[in-house]
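Just so it is clear, the structure is predicted and the values come from calculations on it, not from any experiment. Residues take their numbers from the sequence shown, with the count starting at 1.
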Amino acid sequence: KAPSGVVDIVIVEIDEASLKQHGQWPWPRDLFAQLLKTIQEAGAASIGINVIFPERDRTSPAYLLESSGDFISLTDPSMAPAERLDHDTYLARSLASGPFILGYEFLFNDARKDKSAECPIPNVPVSWNSPNGGSIPDGSFFQATGVLCNYHPLTKAAPSAGFLNGAPDDDGVLRRLPLLIRYGDPNQLYPSFALAVLLQLYDQPSLSVEIGDNLQPRLHLADLGISMDSHGNILLGPPGLIRPPHYSAADILRGGVPS
């Protein structure tokens, strides 16, 4: 949680009004890119996108040109800007130009060998201050075996990314979320979506973790100290009385929300 009064958190929702105005989900990615550009121009310093784009945009004219020759008779592609013919290229350029963080999902029952090279998600360097020296303690943090990644050009374009994993307890209540997970090389750790947003906000390329005599790790980021359990989970408190403002994506796109 960001310090109160220091960081303003805003939620942009693709709500019913947005779907009514711009059509069913998923939206064409050139429209999604316009939404991101508008949010960026409003002054957002760190923009997390908790949507996974695992495949190409099938509404893209470039995709339709490849999959159906009949489309050529309906429109002349030379009349459109090259970047707008491929919605994924358009979105990738938008992602590369701003403080954007993509989300992805780790898998834990993938029997394949390491496929980390196929999904170039960024890990986070971590320095350790612990009784056993400067290495990750044995048995700490979950070890993923696979990843549901975004479409490769989008993953490469985005400055950062974080995992969206979280599992409720047996009674259906979500009480904890992992902040760090191992993947591939057991000495490499990957940040959660929320942690990646904070790393982008504070312009921090690395983290430090202190493990005291009680063997409970404490993560340090800028002026924040975050306690975790032995698996790298952060305990979630009760909902706060003050909720961050929520804005409709439709209002953002038509310029109806102040910076």
Side-chain angles (χ1 to χ4, degrees), residues 11-41 44 47-107 109-110 112 115-122 144 146-166 183 190 193 196-197 247-255:
I11 308 296
V12 177
E13 297 179 321
I14 300 175
D15 55 6
E16 289 298 325
S18 301
L19 298 177
K20 183 177 180 180
Q21 177 71 29
H22 296 282
Q24 66 183 16
W25 184 260
W27 285 350
R29 290 179 191 165
D30 62 334
L31 175 61
F32 198 85
Q34 292 175 40
L35 174 63
L36 297 182
K37 181 180 179 181
T38 305
I39 295 171
Q40 181 184 359
E41 290 176 346
I47 305 170
I49 307 165
N50 63 341
V51 176
I52 300 177
F53 305 99
E55 299 175 342
R56 290 180 64 185
D57 182 356
R58 297 186 181 184
T59 70
S60 175
Y63 181 89
L64 296 173
L65 282 167
E66 294 174 14
S67 60
S68 175
D70 293 339
F71 181 74
I72 298 176
S73 64
L74 299 178
T75 185
D76 182 359
S78 65
M79 300 297 292
E83 63 180 12
R84 298 304 291 268
L85 283 175
D86 190 332
H87 293 172
D88 289 302
T89 297
Y90 189 63
L91 177 56
R93 290 179 179 175
S94 296
L95 292 172
S97 67
F100 297 108
I101 300 93
L102 286 177
Y104 59 87
E105 182 181 357
F106 274 131
L107 307 175
N109 56 357
D110 192 334
R112 300 174 298 170
K115 298 289 184 179
S116 56
E118 297 180 1
C119 184
I121 50 176
V147 59
L148 175 59
C149 193
N150 288 279
Y151 181 46
H152 194 272
L154 304 181
T155 299
K156 288 183 62 179
S160 187
F163 61 81
L164 295 166
N165 297 75
Y183 177 56
Y190 293 81
F193 178 74
V197 170
Y247 295 110
S248 170
D251 291 338
I252 298 285
L253 283 167
R254 69 167 175 260

(message) Working to the nearest 0.5 angstrom, can you tell me the gap between Ile47 CD1 and Ser160 OG?
(response) 12.5 Å
(message) When you compare the side chain of Tyr190 with that of Ile121, does any pair of heavy atoms fall below 4.5 Å?
(response) yes
(message) Please determine whether side-chain contact (heavy atoms from CB on, under 4.5 Å) holds for the pair Phe32 and Ile49, giving the CA-CA distance in whole Å, both sets of side-chain angles, and the decisive distance to 0.1 Å.
(response) CA-CA 10 Å; Phe32 198 85; Ile49 307 165; 3.7 Å; yes
(message) With a 4.5 Å cut-off on side-chain heavy atoms, are Ile252 and Leu35 touching?
(response) yes
(request) Take Asp30 and Thr59 through the test side-chain contact (heavy atoms from CB on, under 4.5 Å) and record every step on the way to the result. (result) CA-CA 10 Å; Asp30 62 334; Thr59 70; 5.8 Å; no
(request) Applying side-chain contact (heavy atoms from CB on, under 4.5 Å), run through Ser18 and Trp27 and close with a yes or a no. (result) CA-CA 10 Å; Ser18 301; Trp27 285 350; 3.8 Å; yes
(request) Measure the spacing between CG of Asp251 and CD of Glu13 and express it to the nearest 0.5 Å. (result) 11.0 Å
(message) Looking at every non-hydrogen atom in both residues, tell me the closest pair between Gly162 and Ile101 and how far apart they are.
(response) N-CG2, 4.0 Å
(request) Measure across Ala33 and Ser94 and return the closest heavy-atom pair with its distance rounded to 0.1 Å. (result) CB-OG, 3.5 Å
(message) Can you give me the closest heavy-atom contact between Pro159 and Gly98, atom names plus distance?
(response) CG-O, 3.1 Å
(request) Measure the NE2-CZ distance between His87 and Arg56 for me, rounded to the nearest 0.5 Å. (result) 11.5 Å
(message) Under a 3.5 Å threshold, yes or no: a donor from one side chain and an acceptor from the other, between Asp15 and Ser248?
(response) yes
(message) Rounded to the nearest 0.5 Å, what separates atom OH in Tyr151 from atom CG in Asp88?
(response) 5.5 Å
(request) Give the minimum heavy-atom separation between Phe193 and Leu102, together with the two atoms involved. (result) CD1-O, 4.0 Å
(request) Run the ring-centre check on Phe163 versus Phe106 and record whether the distance is less than 6.0 Å. (result) yes
(request) Determine, step by step, whether Tyr90 and Asp57 satisfy the side-chain contact (heavy atoms from CB on, under 4.5 Å) criterion, reporting the C-alpha distance in whole Å, the side-chain angles of both residues, the deciding distance to 0.1 Å, and the verdict. (result) CA-CA 11 Å; Tyr90 189 63; Asp57 182 356; over 6 Å; no
(request) For residues His22 and Leu31, report the shortest heavy-atom separation together with the two atoms involved. (result) CB-CD2, 3.7 Å
(message) Tell me if a side-chain donor or acceptor on Asn150 pairs with a main-chain N or O of Tyr104 at a distance below 3.5 Å.
(response) no
(request) Measure the shortest side-chain to side-chain distance between Val147 and Glu105 over non-hydrogen atoms and say whether it is less than 4.5 angstrom. (result) no
(message) With rounding to the nearest 0.5 angstrom, report the CG to CD distance, Leu95 to Gln40.
(response) 10.0 Å
(request) Check Leu154 against Arg29 and note the closest heavy-atom contact, atom names and distance. (result) CD1-NH1, 3.9 Å
